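It should be emphasised that the depicted structure is a prediction, and the values quoted were computed from it without experimental measurement. Counting starts at 1 for both ligands and their atoms, following the listed order.
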Amino acid sequence: MATVVVALGGSLLRPEVEERHKWLEEMVGVVKNSVSSGVKLALVVGGGAPAREGIDLARPVIHDLSHLDRIGIAATRLNATIVREAIAVGGVKVSENIPKSIDEAVDELSDLPVVVMGGTVPGHTTDAVAIRLAVQLEADKCIIATNVAKVHSEDPRENPSAESFDMLTLDELQEIVGPPDHADAGSSKVVDPIGVGEARENALRLDVLDGRDPRRISASINGEDFEGTMVTP
Ligand code: UTP
């Protein structure tokens, strides 16, 4: 049975569009279809707006990075709870709790088709959690669902003429995102450099795509051609 891990960037959950619940509805559909075609699915949800808001509020008072990270982790678990409850209401068997560690998630997935979690411990983002989980589960790949169409040579918000890539090697992606260090709580690269480092060490393929369109996530889960960047060992 195929096992796929998806990192869902926290920004996906709170799009700045009127019908913002639509994405969640469509994601539940993607999960249902994947499960009925026999895929085991682990979703790792990012912190997005509540992580940023909480970290910004606390930053003038809390200077220790790991304490700010803990605020971010709480936000990822809030978002994971929203996704988990929506999936459960949709009639899919999903783990009751939000696992707090990779081991717990692996355990839950041995009995159930779907597990939803957020962050684990300070020092990285949910991308790195998803990548670690994929390695642990010996998954074929880890999908990084974010809010850009492809990996670019530079941040396209800062340089609109940055080059975009359909294919990259993990080494090339590491070049783009920088060395595998934890920069700052709540700071965001297209893929967490720490996660990329671990994907390199374990020769794990990453599919980076725009998760605002759940059909792209679905295509990648099903092993079909998808729009995005395929990052191979
Ligand atoms: P995210 O995974 O959402 O990171 O975690 P991000 O890249 O900043 O934001 P997205 O992908 O756009 O949603 C939010 C913050 O929570 C802490 C980090 O401070 C991170 O920046 N965190 C998260 C951890 O310390 N450990 C974890 O396992 C997860």
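Closest protein heavy atom to atom 5 (O) of ligand 1: T76 CG2, 3.8 Å. When hydrogens are left out, the protein atom nearest atom 20 (C) of ligand 1 is G186 N, 3.7 Å; that is the closest non-hydrogen contact. The protein non-hydrogen atom at the shortest distance from atom 12 (O) of ligand 1 is S188 OG, 3.7 Å. Ranking protein heavy atoms by distance to atom 1 (P) of ligand 1, first place goes to T126 OG1, 3.6 Å. Looking only at protein heavy atoms, the nearest one to atom 4 (O) of ligand 1 is T125 CB, 3.4 Å. Residue, atom and distance of the protein heavy atom nearest to atom 18 (C) of ligand 1 are D69 OD1, 3.4 Å. Shortest contact from atom 15 (C) of ligand 1 to any protein heavy atom: G72 CA, 3.9 Å. Closest protein heavy atom to atom 26 (N) of ligand 1: V121 O, 2.7 Å.
Residues L65 and H182 are in side-chain contact: their nearest non-hydrogen atoms beyond the backbone lie under 4.5 Å apart. Counting only heavy atoms from C-beta outward, the side chains of L173 and V151 approach each other to under 4.5 Å. Within the 4.5 Å cutoff, side-chain heavy atoms of I87 are placed close to those of L43. Side-chain contact between V115 and E104: absent, with no pair of heavy atoms (C-beta onward) separated by less than 4.5 Å.
Close contacts between ligand 1 and G119 involve ligand atoms 27 (C), 28 (O), 29 (C) [criterion: under 4.0 Å to a heavy atom]. Heavy-atom contacts of G47 reach the following atoms of ligand 1: 1 (P), 3 (O), 13 (O) (cutoff under 4.0 Å). Near G123, the atoms of ligand 1 lying under 4.0 angstrom from a non-hydrogen atom of the residue are 25 (O).
Counting heavy atoms only, G10 comes closest to atom 13 (O) of ligand 1 of the residues A7, P122, G10.
Considering I194, V5, V44, I144 as possible partners of I131, the one that fulfils the side chain to side chain contact (heavy atoms under 4.5 Å, CB included) test is I144. The one candidate from D210, T229, D166 that meets the side-chain hydrogen bond (donor to acceptor under 3.5 Å, both in side chains) condition with K150 is D166. The side chain to side chain contact (heavy atoms under 4.5 Å, CB included) test with R212 singles out one residue from N147, I217, V148, and that residue is N147.
In this structure, P99 and N97 approach most closely via the heavy-atom pair CD-O, 3.2 Å. Taking every heavy atom of both residues into account, S220 and L209 meet most closely at CB-CD2, 3.7 Å.
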**Worked check of side chain to side chain contact (heavy atoms under 4.5 Å, CB included) between E198 and R132** = CA-CA 7 Å; E198 295 192 14; R132 257 173 224 172; 2.6 Å; yes

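The side chain of V129, and not its backbone, has at least one atom closer than 4.0 Å to an atom of ligand 1 (non-hydrogen atoms only; side chain from C-beta on). If you look at T146 next to ligand 1, there are no close heavy atoms at all, none under 4.0 Å. At a heavy-atom cutoff of 4.0 Å, ligand 1 is contacted by both the backbone and the side chain of H124.
Any N or O atom pair closer than 3.5 Å counts here, and L68 shares no such pair with ligand 1. Checking only distances, G48 does come within under 3.5 Å of ligand 1, N or O to N or O. Close N/O approach between T120 and ligand 1 is found [any backbone or side-chain N/O within under 3.5 Å]. For ligand 1, none of its N or O atoms has an N or O atom of G9 under 3.5 Å away.
The pair R200-D171 counts as a salt bridge, with a side-chain nitrogen and a carboxylate oxygen less than 4.0 angstrom apart.
Around the CD atom of E85, the shell of radius 6.0 Å holds more than 12 heavy atoms that belong to other residues, nucleotides or ligands.
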